[in-house]
Protein chains: 2
Amino acid sequence: MNASRTARERVRAELVREITDIARVQLASEGASGLSLRAVAREMGMVSSAVHRYFPTKDDLLTALIVDGYNSVGAAVEDADAAGPPDDFGARWLIVCHAVRNWALARPHEYALIYGSPVPGYRAPEDTIGPASRATTVYGRILGDAHRAGRLSPPDICPPVPPILSTDAEIIRSLMPGVSDDVITRAITAWTGLYGMISFELFGQFNNVVTHRAELFDHNMRGLARFLGLPD
Amino acid sequence: MNASRTARERVRAELVREITDIARVQLASEGASGLSLRAVAREMGMVSSAVHRYFPTKDDLLTALIVDGYNSVGAAVEDADAAGPPDDFGARWLIVCHAVRNWALARPHEYALIYGSPVPGYRAPEDTIGPASRATTVYGRILGDAHRAGRLSPPDICPPVPPILSTDAEIIRSLMPGVSDDVITRAITAWTGLYGMISFELFGQFNNVVTHRAELFDHNMRGLARFLGLPD
DNA sequence: AATCGTCAAGAGCACTGCTCTCGATTTATC
DNA sequence: GATAAATCGAGAGCAGTGCTCTTGACGATT
């Protein structure tokens with residue numbers, strides 16, 4: 001009886017997977033707003049109303065793609081960091097930066113879906129916040145490890161952190177215990193700088209301006225590493 | 001005869017303006033992909049096919065909105081810099097940063113339209129690259145002025161700039177003559193960091209993480225100013 | 001074996017971008 | 001000033017969309 005129920009649920013899970021796979025292909029070629037439930041159904045030899053039984057609304061399908069996207073980039077970042085030298089914190093930061101960029105360049109539409117402008121009318125459900133933090137957790141671990149090893153010494157160039165930011169810092173400190181508020185705000189700068197640079201490249205802001213994008217990215221991430229206080 | 005020709009062209013220009021105005025309102029409430037030519041026509045008491053005579057395709061209307069958006073943020077940045085103290089370069093950078101953020105917070109959908117993920121299938125025509133560079137020109141002028149005044153001394157923390165980036169730097173140097181390649185790459189870091197931070201805030205990446213966003217933004221822009229070598 | 005829930009299919013609604021045609025009006029030319 | 005040409009608004013129409021509702025068949029549960 002248990003097996004029979006799982007039998008039906010298994011085919012359902014299989015269908016869900018197939019739908020998201022086809023939707024991801026369409027996302028890659030058409031973009032988020034060009035995604036069509038009817039086209040997905042057509043591709044599967046289904047009728048459009050049948051797809052609605054698995055994803056009641058288009059937003060639900062988008063949510064599944066967003067969660068998958070966060071998990072995909074999160075896994076890429078985790079794998080990259082795991083394959084790197086555990087004690088070379090500057091290298092780990094660089095490796096992770098390049099992992100995000102390479103992931104984004106390979107799946108520009110998926111990157112746009114999760115880090116670009118939100119789809120209008122779409123409200124991100126809570127299912128996304130867990131997978132969304134996977135990549136961030138890795139950055140935090142790198143900085144936390146560097147701090148614990150006594151190898152995090154940011155240059156003394158920043159103004160003191162306003163006390164009002166301490167409550168926000170407390171949340172982020174759970175990712176990298178023991179670091180100062182100063183390091184936390186620098187981490188946010190580096191982290192937004194990383195995604196800002198990728199977004200500029202992917203969204204066309206570098207057109208007619210920057211041609212050697214990989215080299216510029218690498219160099220600027222090295223600069224941010226120094227700003228963070230990571231060793232060479 | 002000249003006046004009569006302008007008579008018709010004047011009403012045409014008026015209609016074009018009215019269409020873009022209504023479209024901008026719809027953009028603010030529905031977002032880029034929710035923009036509808038039929039809805040604009042309905043709002044004007046026109047029939048949808050009449051709107052197509054002024055904007056043959058939806059992309060053409062989007063292009064007009066994009067150009068207007070770039071000009072709007074460009075003008076905001078120019079005005080903010082013009083109203084600031086000409087010789088306090090650190091203050092000018094901060095003022096400009098806040099001008100961009102305030103502009104973006106007031107028009108999140110317009111910001112998303114020009115700095116967010118590109119509308120799928122939309123190909124930006126060349127009309128946009130002029131207005132797009134207005135804001136960037138102001139950053140360049142601030143750094144160029146600071147350099148000319150001998151007040152730009154970036155901290156010596158970054159690795160040397162790879163020679164291959166020199167050709168790219170040449171283009172950007174036209175905005176701020178005389179500065180070194182090192183300053184130029186730092187400028188790109190600061191500039192992408194500025195927009196990366198605003199995008200993270202607007203696109204929901206700070207949800208459940210950062211609450212005091214204005215203060216964090218101000219503090220991080222001050223940190224980037226130090227990274228750039230701007231005086232306190 | 002009967003029943004209840006799940007499923008694919010189809011019709012249909014309201015909407016979209018876009019094209020075409022048709023008169024009417026305005027502009028330009030002779 | 002009359003006439004030819006360009007422009008305009010309106011309407012119908014096409015192909016496509018998300019989504020809802022109903023119908024009939026299948027399979028699992030009691």
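In what follows, every chain begins at residue 1, and chains take the letters A, B, ... in the order their sequences are listed.
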Do B/Arg186 and B/Phe227 form a cation-pi contact, if we require the NZ or CZ to be under 6.0 Å from the six-membered ring centre and within 45 degrees of the ring's axis?
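The answer is yes; both the distance and angle limits are met.
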Can you confirm whether A/Met46 sits close enough to A/Leu15 that some side-chain heavy atom of one is under 4.5 Å from a side-chain heavy atom of the other?
yes
Point-to-point distance, once rounded to the nearest 0.5 Å, from OG1 of B/Thr192 to CZ of A/Phe206
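Between atom OG1 of B/Thr192 and atom CZ of A/Phe206 there are 6.0 Å.
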For the pair made of CD1 in A/Ile19 and P in D/dG18, what is the distance, rounded to whole Å?
13 Å
B/Asp59 CG to C/dC18 C1': how many Å, rounded?
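Distance check: B/Asp59 CG to C/dC18 C1' gives 12 Å.
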Reckon A/Arg12 has a side-chain N or O less than 4.0 Å from the OP1 or OP2 of C/dT6?
no
When you check the phosphate oxygens OP1 and OP2 of C/dT16, does a side-chain N or O of B/Ser36 lie under 4.0 Å from one of them?
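The answer is yes; a side-chain N or O of B/Ser36 sits under 4.0 Å from OP1 or OP2.
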With DNA chain D as reference, determine whether A/Arg42 or A/Arg53 sits nearer its 5' end, using the nearest nucleotide of each.
A/Arg42
Need to verify one output field. Residue with the more 5' nearest nucleotide on DNA chain D, B/Tyr54 or A/Phe55?
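Comparing both residues, the 5'-ward one is B/Tyr54.
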Got a donor-acceptor pair under 3.5 Å from the side chain of B/Arg38 to the base of C/dG17?
yes
Base, sugar-phosphate, or nothing: which does A/Leu35 touch, judged by heavy atoms less than 4.0 Å apart?
sugar-phosphate
Just call it for A/Leu61: base, sugar-phosphate, or nothing, with non-hydrogen atoms closer than 4.0 Å on any strand.
nothing
Let's go through A/Ser199 and A/Tyr111 carefully: what are the C-alpha distance in whole Å and the side-chain angles of both, what is the deciding distance for side chain to side chain donor-acceptor pair (under 3.5 Å) to 0.1 Å, and is it a yes or a no?
CA-CA 9 Å; A/Ser199 294; A/Tyr111 177 87; 2.9 Å; yes
From the candidates D/dG11, D/dT20, C/dC18, the one with an atom nearest any side-chain atom of B/Ser49 is D/dG11
